[in-house]
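Below is one structure, written out as structure tokens; comments come after it.
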Amino acid sequence: MKFSTIALVVPFFTLAVSVDVSLRAVRKAFFAADIPADLTIKFDPSVLLEVTFPEPGPPITLTAGVQLPRNATVGPPSFSLVGKAAGNGPFVVAMVDPDAPTPQTPTEAQIRHFLGSDFHANALGQLKNNTPAISDFLQPTPPAGSDAHRYVFLVFKQPADFDRQTLVNSSTSIELFNISTFAAATRLGSPFAGTFMRVAPDPS
Ligand SMILES: *[C@@H]1O[C@H](CO)[C@@H](O)[C@H](O)[C@H]1NC(C)=O
Ligand SMILES: *[C@@H]1O[C@H](CO)[C@@H](O)[C@H](O)[C@H]1NC(C)=O
Ligand SMILES: *[C@@H]1O[C@H](CO)[C@@H](O)[C@H](O)[C@H]1NC(C)=O
């Protein structure tokens, strides 16, 4: 009896602590990591973003600021919104690295690790799209000797004319991207959801 109770409770507990449950905590983690300043964005999320990486074992959903081993970030990740406040879409999802090649000297930043449009939330909040990514997901690869990089995921409401933007396409360099300039130019405004992870170089 006692044994079966534990078996039921433990997996539930593990699940409950492994995802973000508070917008305030996410916002706090972003500010503690200087992300709004470094990306020159306003960050005041209205719903939670779940970013989930497929793994050989159970998938991993990010808690804002979590550090993952690089081999857990092969991806591509899937995205879900928790809460209806944002509506059903369309949405733009971006992932950027403001720390390339190193957080101390980010001369190549930001690196655009993912940019996709036309995402709609289904009844479960999962974001799906049918159009090719503007920038395909690129696994984090911080160079040897670097500290861990921050990899930031942001979701924006997509303006009607977004797919006609010509600033970035699949052959545009992913280096020296600027999400705030891009968001201003394409009228994405400020993100309404986000999360981030840290990934360090592979041990050599
Ligand atoms: C990642 O590498 C570590 C250390 O080599 C290993 O223990 C772990 O199983 C690997 N994880 C995945 C998802 O491959
Ligand atoms: C991508 O954009 C550049 C200009 O920024 C343009 O020269 C090129 O033709 C575009 N490529 C595609 C595939 O649309
Ligand atoms: C991005 O552009 C903003 C202006 O929109 C600027 O203030 C900021 O310094 C730029 N960031 C980087 C990393 O170049």
Side-chain angles (χ1 to χ4, degrees), residues 18-20 26-43 45 49-79 92-117 127 132-156 165 167-186 188 191 193-204:
S18 65
V19 301
D20 285 312
V26 172
R27 194 172 178 280
K28 201 171 149 191
F30 266 65
F31 280 85
D34 293 325
I35 290 170
D38 290 352
L39 297 184
T40 28
I41 55 166
K42 263 179 63 184
F43 188 67
L49 169 64
E50 288 187 351
V51 174
T52 301
F53 283 89
E55 304 293 338
I60 295 177
T61 298
L62 303 187
T63 310
V66 68
Q67 180 153 341
L68 293 189
R70 199 183 83 86
N71 65 356
T73 63
V74 174
S78 55
F79 308 112
V92 170
V93 179
M95 170 188 176
V96 296
D97 171 6
D99 295 326
T102 67
Q104 291 78 9
T105 315
T107 50
E108 296 162 6
Q110 297 143 26
I111 306 288
R112 192 173 62 253
H113 274 261
F114 178 76
L115 184 63
S117 63
L127 298 184
I134 302 164
S135 300
D136 281 322
F137 173 74
L138 177 71
Q139 185 186 4
T141 313
S146 173
D147 289 340
H149 291 199
R150 299 163 294 173
Y151 295 88
V152 185
F153 298 85
L154 301 168
V155 189
F156 301 84
Q165 65 83 24
L167 292 172
V168 172
N169 61 39
S170 57
S171 45
T172 316
S173 169
I174 60 170
E175 291 184 8
L176 297 176
F177 183 58
N178 185 322
I179 189 65
S180 87
T181 308
F182 180 76
T186 56
L188 288 173
T195 191
F196 69 104
M197 63 181 177
R198 294 182 168 90
V199 180
D202 280 329
S204 44

Identify the residue among V51, L68, I60 that makes a side chain to side chain contact (heavy atoms under 4.5 Å, CB included) with M197. L68
Q67 side chain to A148 backbone, donor-acceptor under 3.5 Å: no
So, Q165 side chain and V168 main chain: donor-acceptor pair closer than 3.5 Å or not? yes
Can you check whether V66's main-chain N or O pairs, donor with acceptor, with T63's side chain at less than 3.5 Å? no
Just do the side-chain contact (heavy atoms from CB on, under 4.5 Å) check on V155 and V92 with the steps written out, would you? CA-CA 6 Å; V155 189; V92 170; over 6 Å; no
Closest approach of P98 to V96 (non-hydrogen atoms, all atoms of both residues): CD-O, 3.6 Å
Under 4.0 Å between a side-chain nitrogen and a carboxylate oxygen: does that hold for D97 and R112? no
Do F53 and L62 pass the side-chain contact (heavy atoms from CB on, under 4.5 Å) test, and can you show the C-alpha distance, the side-chain angles, and the key distance before you say yes or no? CA-CA 8 Å; F53 283 89; L62 303 187; 4.1 Å; yes
Atom pair CG (L167) and CD1 (I134), whose distance is rounded to the nearest 0.5 Å: 10.0 Å
Using the ring of each side chain (for Trp, its six-membered ring), is F79 parallel, tilted or perpendicular to F114, with breaks at 30° and 60°? tilted
When every non-hydrogen atom of G75 is compared with those of F137, the smallest separation belongs to CA-CE2, 4.0 Å
Do any N or O atoms from the side chain of T52 and from the backbone of E50 form a donor-acceptor pair under 3.5 angstrom? no
Test item: Q139 side-chain N/O and R70 main-chain N/O as donor-acceptor pair under 3.5 Å: yes
Kindly give the heavy-atom pair with the smallest separation between A200 and P142, and that separation in Å. C-CG, 3.5 Å
Would the distance check show the side chain of H149 and the main-chain N or O of P143 forming a donor-acceptor pair, the cut-off being under 3.5 Å? no
Determine whether a donor-acceptor pair (N or O, by modelled atom type, separation under 3.5 Å) exists between the side chain of S173 and the backbone of E175. yes
Between F43 and I35, is a side-chain contact (heavy atoms from CB on, under 4.5 Å) present by the stated rule, with each step listed? CA-CA 9 Å; F43 188 67; I35 290 170; over 6 Å; no
Rounded at 0.5 Å granularity, tell me how far CZ in F30 sits from CZ in F196. 6.0 Å
Out of curiosity, D136 CG to L115 CG, how far, rounded to the nearest 0.5 Å? 10.5 Å
Counting only N and O atoms by type, is there a donor-acceptor contact under 3.5 Å from the side chain of N178 to the main-chain atoms of T181? yes
Mind checking whether F182 and F177 have ring centres under 6.0 Å apart? yes
Restricting to non-hydrogen atoms, name the atom on A193 and the atom on P45 that form the minimum distance, rounded to 0.1 Å. CA-CB, 4.2 Å
To the nearest 0.5 angstrom, please state how far the CG atom of N71 sits from the CG atom of D202. 7.0 Å
Check whether any side-chain N or O of T172 sits under 3.5 Å from a backbone N or O of N169 as a donor-acceptor pair, and report yes or no. yes
Closest heavy-atom contact between P59 and P54? CB-CA, 4.4 Å
Check the orientation of Y151 and H113. Use parallel for under 30°, tilted for 30 to 60°, and perpendicular for over 60°. perpendicular
Testing the basics here: between P201 and A144, what is the closest heavy-atom pair and its distance to 0.1 Å? CB-CA, 4.0 Å
The residue among R150, Q104, R198 that forms side-chain hydrogen bond (donor to acceptor under 3.5 Å, both in side chains) with D99 is R150
Just verifying a value: how many Å separate T40 OG1 and I179 CD1, rounded to the nearest 0.5 Å? 10.0 Å
Atom OG in S180, atom CG in L154: separation rounded to 0.5 Å? 11.0 Å
